[in-house]
Amino acid sequence: MRVLRLLYVVIVALWSFGPASAEPFIRFDIPAAPLDVALAAFGRVTKEQLLVDAAGLDGRRSSPVIGRFTPEAALRQMLVGTGLGVQAIEGQGFAVAAAGSQAADEVIRNAGAASRFTAFSALIQAASAKALCVSPDTAPGSYRVMARLWIGGSGVVERAELLTSSGDLGRDARLTDTFRHLGVGIVPAGLPQPVTLLITSERATPDYCAKLIASDKTLPAR
């Protein structure tokens with residue numbers, strides 16, 4: 001799932017970016033869950049790009065999606081009861097927002113721009129994972145948190161705030177400090193800010209950080 005401002009949720013420790021599936025029908029087995037988690041699972045299965053109003057995810061739960069569906073049909077089934085709708089965007093995946101809302105209009109207007117920042121979202125994902133894995137307390141795997149980042153011209157986050165709590169005030173403070181000093185690379189021209197970052201425990205195996213550290217010699221062993 002890639003989202004920009006409203007719209008750019010970077011999922012850490014979830015899935016690898018790849019081409020969308022060419023299959024007309026795909027097997028889904030996604031139970032009811034917090035909507036951000038369910039959408040992440042949808043993205044992992046289909047590799048479809050999702051343009052989402054990040055503010056509209058909090059507190060919503062998905063409907064289960066079990067069986068063989070086209071990606072669009074699966075997404076519509078997932079959103080039953082959430083008050084959100086789906087609009088297919090030619091060559092850009094799907095927009096998810098409340099029908100007729102200002103957020104929906106902005107999602108669609110930004111659809112073309114979103115593809116310009118796909119590579120940069122991968123840089124944010126990689127930089128975040130590395131930074132969080134330095135400390136066992138912040139390593140992905142035991143918490144979910146959403147943060148908002150303002151990235152300076154030098155490529156370093158100048159301001160960060162948590163939109164949700166990890167469930168531990170001490171860890172919240174450490175997460176905020178980690179994000180505040182995160183270096184993500186030179187910001188592409190026109191990137192909407194702030195960037196919303198979602199860290200989730202889904203698919204973060206116990207050896208996630210160990211494997212990341214082993215594959216990246218710039219990370220300290222622990």
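Residue pairs meeting the salt bridge (charged side-chain N to carboxylate O under 4.0 Å, His left out) criterion with at least one partner in residues 70-87, sequence neighbours excluded, are E72-R76. The salt bridge (charged side-chain N to carboxylate O under 4.0 Å, His left out) analysis of residues 159-186, with sequence neighbours excluded, yields the pairs D137-R174, R148-E161, R159-E161.
The shortest non-hydrogen separation linking F94 to V86 is CD2-CG1, 3.9 Å. The minimum heavy-atom distance linking P31 with D29 is given by the pair CD-O, 3.6 Å. Heavy-atom minimum distance, R61 versus P34: NH1-CD, 3.5 Å. The two residues I26 and P71 come nearest to each other via the heavy atoms CD1-CG, 3.9 Å. The shortest heavy-atom contact between A38 and S62 is CB-OG, 3.3 Å. The minimum heavy-atom distance between A160 and T176, with the atom names listed, is O-CG2, 3.7 Å.
Judged purely by atom type and a 3.5 angstrom limit, Y143 uses its side chain to pair as donor or acceptor with the backbone of T138. Side-chain atoms of S63 never come within 3.5 Å of backbone atoms of L79 as a donor-acceptor pair (strictly under, hydrogens ignored).
Looking at heavy atoms from C-beta onward, L35 lies out of side-chain contact with V96 at the 4.5 angstrom threshold. Residues S128 and P140 are not in side-chain contact: their nearest non-hydrogen atoms beyond the backbone lie 4.5 Å or more apart. Residues L132 and I199 form a side-chain contact, since some pair of their non-hydrogen atoms from C-beta on lies under 4.5 Å apart. The side-chain heavy atoms of F179 and L162, taken from C-beta on, include a pair separated by under 4.5 Å. The shortest side-chain heavy-atom distance between L75 and F69 does not fall under the 4.5 Å cut-off.
Using cut-offs of 30° and 60° for the angle between ring planes, the F28 and F42 rings count as parallel.
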Should I30 and M78 be marked as a side chain to side chain contact (heavy atoms under 4.5 Å, CB included) after you check the CA-CA gap, both sets of side-chain angles, and the distance that decides it?
CA-CA 9 Å; I30 304 176; M78 180 176 288; 3.8 Å; yes
S166 and L175: side chain to side chain contact (heavy atoms under 4.5 Å, CB included), yes or no, with the steps?
CA-CA 9 Å; S166 69; L175 286 168; 4.0 Å; yes
Just do the salt bridge (charged side-chain N to carboxylate O under 4.0 Å, His left out) check on D36 and R60 with the steps written out, would you?
CA-CA 8 Å; D36 55 359; R60 286 186 164 99; over 6 Å; no
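To the nearest 0.5 Å, atom CD of residue E158 and atom CH2 of residue W150 are 11.5 Å apart.
The only option from V156, V184, I186 that meets the side-chain contact (heavy atoms from CB on, under 4.5 Å) definition with I151 turns out to be V184.
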